[in-house]
2 protein chains.
Amino acid sequence: MELQQLRYFREVAEREHVTRAAENLFVSQSAISRGVTQLEEELGVPLFYRQGRAVVLSPYGRSFLEHVTRALSILESGKRLLSEQTGKESGNRIAWLSTLTWN
Amino acid sequence: MELQQLRYFREVAEREHVTRAAENLFVSQSAISRGVTQLEEELGVPLFYRQGRAVVLSPYGRSFLEHVTRALSILESGKRLLSEQTGKESGNRIAWLSTLTWN
DNA sequence: TGAGGTTACGCCTATCGTAATAATG
DNA sequence: CATTATTACGATAGGCGTAACCTCA
């Protein structure tokens, strides 16, 4: 399980559409399709129910999606926080050194 | 940023020791070292302060670690929940089909 | 001087895009 | 028959282990 797969999964889940997910993430259809399939194989459950072109979330997928969206947004906010912290230093790149404790 | 890197980071952060992190994750020292370095490069901040052999969390690292641990445990619990759900079905593998809605 | 973190190097797997295939509306 | 998901296939980037290197206690 890798973030790449989870990003693919989230995008497909929110749109229930592989092609549009691919366009949004700037990769090919097949990359998305394979990424999601691999994730399903690893988890051992169907995240989507496929009927022809339709790709709809399974209950497993719905449940898992909640966790995935929470985890991804936590990581995104963590990343954003770091940017803000560095931004505030504005020139004092080693300010954080002074906060270290030694024993 | 991938989960692999975050798992490496968490392990090193909790132990402040690359070699023991590597042993725990059954990979080489170099894999851990590179994974963490790449993460730092992508984030643009030092997650650790290195002094000789010492590898101690920087304030950035401390902040980011909180997000990482939360995200990773959410994903782990999401995965565990799926296992429990499938376990409960016990033989009725397509039970979830009945919960689908159509329009 | 040896324990431990980093870097170099070659290998190899995993992912990608293109293109063919399948399915269906 | 056009649209869209999946599969096949070859190419390539990225991650790994080994081993050399460097540093410090």
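Residue numbers begin at 1 in each chain, while the letters A, B, ... track the order of the sequences.
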Mind checking what makes side-chain hydrogen bond (donor to acceptor under 3.5 Å, both in side chains) contact with B:E16, not counting sequence neighbours? none

Correct closest heavy-atom pair for A:S58 and A:P46 would be OG-O, 2.5 Å

Could you give the angle between the helix axes at the two ends of the helix from C:dT1-D:dA25 to C:dG25-D:dC1, with five pairs per end, rounded to 10 degrees? 30°

Annotated protein contacts, base or backbone, on nucleotides 12-25 of chain D with a non-hydrogen cut-off under 4.0 Å, one of B, S, - each: ---SBBB-----B-

List in numerical order all residues of residues 18-25 of chain A for which some heavy atom is under 4.0 Å away from an atom belonging to DNA chain D. A:V18, A:T19

Going 5' to 3' along DNA chain C, which nucleotides are the first and last within contact of chain B (any atom under 4.0 Å from a heavy atom)? C:dG2 to C:dC9

Please name all residues satisfying side chain to side chain contact (heavy atoms under 4.5 Å, CB included) with A:A22, sequence neighbours left out, ordered by chain then number. A:I32

With side-chain hydrogen bond (donor to acceptor under 3.5 Å, both in side chains) as the rule and sequence neighbours excluded, what pairs involving residues 68-78 of chain A come up? A:R10-A:E76

Is there side-chain contact between B:V55 and B:R15, with at least one heavy-atom pair below 4.5 Å? no

For B:E14, check side-chain hydrogen bond (donor to acceptor under 3.5 Å, both in side chains) against everything at least two apart and list the hits. none

Residue list, side chain to side chain contact (heavy atoms under 4.5 Å, CB included) with A:Q38, at least two apart or on another chain: A:Q5

Under a 4.0 Å threshold between the charged nitrogen and the carboxylate oxygen, would B:E42 count as salt-bridged to A:K79? yes

Can you give me the closest heavy-atom contact between B:L57 and B:A13, atom names plus distance? CD2-CB, 3.9 Å

Taking only residues two or more places apart in sequence or in another chain, which ones pass ring-ring contact (aromatic ring centres under 6.0 Å, His included) with B:F64? B:F9

Among residues at least two apart in sequence or on other chains, which ones pass side-chain hydrogen bond (donor to acceptor under 3.5 Å, both in side chains) with A:R7? B:E2

Checking B:Q4 now: which residues fulfil side-chain hydrogen bond (donor to acceptor under 3.5 Å, both in side chains) with it, not counting sequence neighbours? none

